[in-house]
Number of protein chains: 2
Amino acid sequence: MDSTGGTADRILAATQTLLRRQGYAATGLQQIATDSRSRVGSIYHFFAGKEGLADAALRSSGAAYGAYVMGLLGAAEDPIASLGGAFDRAAADLVATDYADACPVATVALEVASTNETLRQATSDVFTDWIEGLSTWCRAIVSDPEAARDLATAILAALEGAFILSRTRRDPEPLLAAGRSMTRLATAMRSTATGPLRPYSEASDPA
Amino acid sequence: MDSTGGTADRILAATQTLLRRQGYAATGLQQIATDSRSRVGSIYHFFAGKEGLADAALRSSGAAYGAYVMGLLGAAEDPIASLGGAFDRAAADLVATDYADACPVATVALEVASTNETLRQATSDVFTDWIEGLSTWCRAIVSDPEAARDLATAILAALEGAFILSRTRRDPEPLLAAGRSMTRLATAMRSTATGPLRPYSEASDPA
DNA sequence: GTCTATAATTTGATAGAC
DNA sequence: GTCTATCAAATTATAGAC
């Protein structure tokens, strides 16, 4: 009972929300202080400046969101049904927050990829962990490790890209369409040989 | 011969590069003036402030990038081969620019989706045009219009998401893996009935 | 640990000379 | 059309009283 409600926790939570919705450069320490009912001086008391605060916020929200998504993927018995449900849930979450809360790290990731090595590394670590977890999960659909990693990468990329389209157009359709397409892809990969790229019409069944 | 080399054109080009690489909030008018060998006063002479300049820059680079991608998709006779080639080319372009130049509107799109209605509308218009063009192109693979739109949305989402992953991790692999997956998906959708989502094992051939 | 005050810099934006 | 000067506000960051 020590990690809830404290000033540092409120600062971290407010930072996560602002970074998710408007990015790093557009978020000022004054806004973080106001939203967290604290002071700029308190931010410097608890964190190593704006960059250190953002680093901690990204890693923390990245871990939490990864756990949330992996939980959705284990919801149903059939993994492909869970996959479709996860995209549907992401669409519902987005609409429920008026298209504000999608991926907690993507906005900052694009902003800092070419300009801030510390934060680029933080977002990179988050994505690496997610792909790792997703790849393992995908092995329930395709046994080949390389094919599972390809599928995991495609699922994460489709989710992130659909978040961009749905937030920008204020329309859940891109997320729903991406979910349908990933379900189709997973189904096709499960029912066929899964080695390196090969036309399915020529695929031979190894079983 | 009137749209090249002028001060307004240099300002627009510099803005497009900076918005693509670091986003809207992180890009200052002073930096734009320096990079375009002009002055802040000149920016206000030619454009309607920072927002008006960004609006023009996004719409212009959006149209140019859309034309570039559609050109890649028409490169080979087989549309699916062209599709794979487009992702490969995107990966090569990204590496050649040291992971700086990916989608010219995505970074700003995520930044402004919840905070700037003018620029949200600009990025939304760009994405809408792209999906429109892609959907038409996808009808060469799947005849059903709704299925073609689903495929187009998935391709664009996978490209945008893979751009995030590749830029952040400084690794072309996510783009290449997304390309392989989209090729697989397109192949699966071409060789089968293309109505609303239905397991392929149960699909009946309408021809 | 909290809060105020402030330093040093940068931002978007404007006015006016040339 | 170009360029200089400048304004008001906001930025990150720090020092020090309480």
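What you see is a predicted model; the values in this text were computed from it and never measured. What you see below is based on every heavy atom in this structure, not just the backbone, and it leaves out hydrogens, waters and symmetry mates. Chain A is the first sequence line, chain B the second, and so forth, proteins listed ahead of strands; every chain is numbered from 1.
- Of the residues B:R20, B:R170, B:R167, the one that meets the side-chain hydrogen bond (donor to acceptor under 3.5 Å, both in side chains) test with A:S114 is B:R167.
- For the pair B:L134 and B:L73, the minimum side-chain heavy-atom distance is below 4.5 Å.
- OP1 or OP2 of C:dT2 lies within a sub-4.0 Å distance of a side-chain N or O belonging to A:T7.
- A heavy-atom distance below 4.0 Å to DNA chain C is reached by these residues of residues 29-53 of chain A, ordered by number: A:R39, A:H45, A:F46.
- Sorted by first then second residue, the side-chain hydrogen bond (donor to acceptor under 3.5 Å, both in side chains) pairs that include residues 151-166 of chain A, not counting sequence neighbours, number zero.
- Looking at A:D35 and A:R10, no side-chain N of the basic residue comes within less than 4.0 Å of a carboxylate O on the acidic one, giving no salt bridge.
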Under the criterion side chain to side chain donor-acceptor pair (under 3.5 Å), I'd like the reasoning laid out for A:R21 against B:T115: C-alpha separation, chi angles, the key distance, then a yes or no. CA-CA 8 Å; A:R21 297 186 183 179; B:T115 58; over 6 Å; no

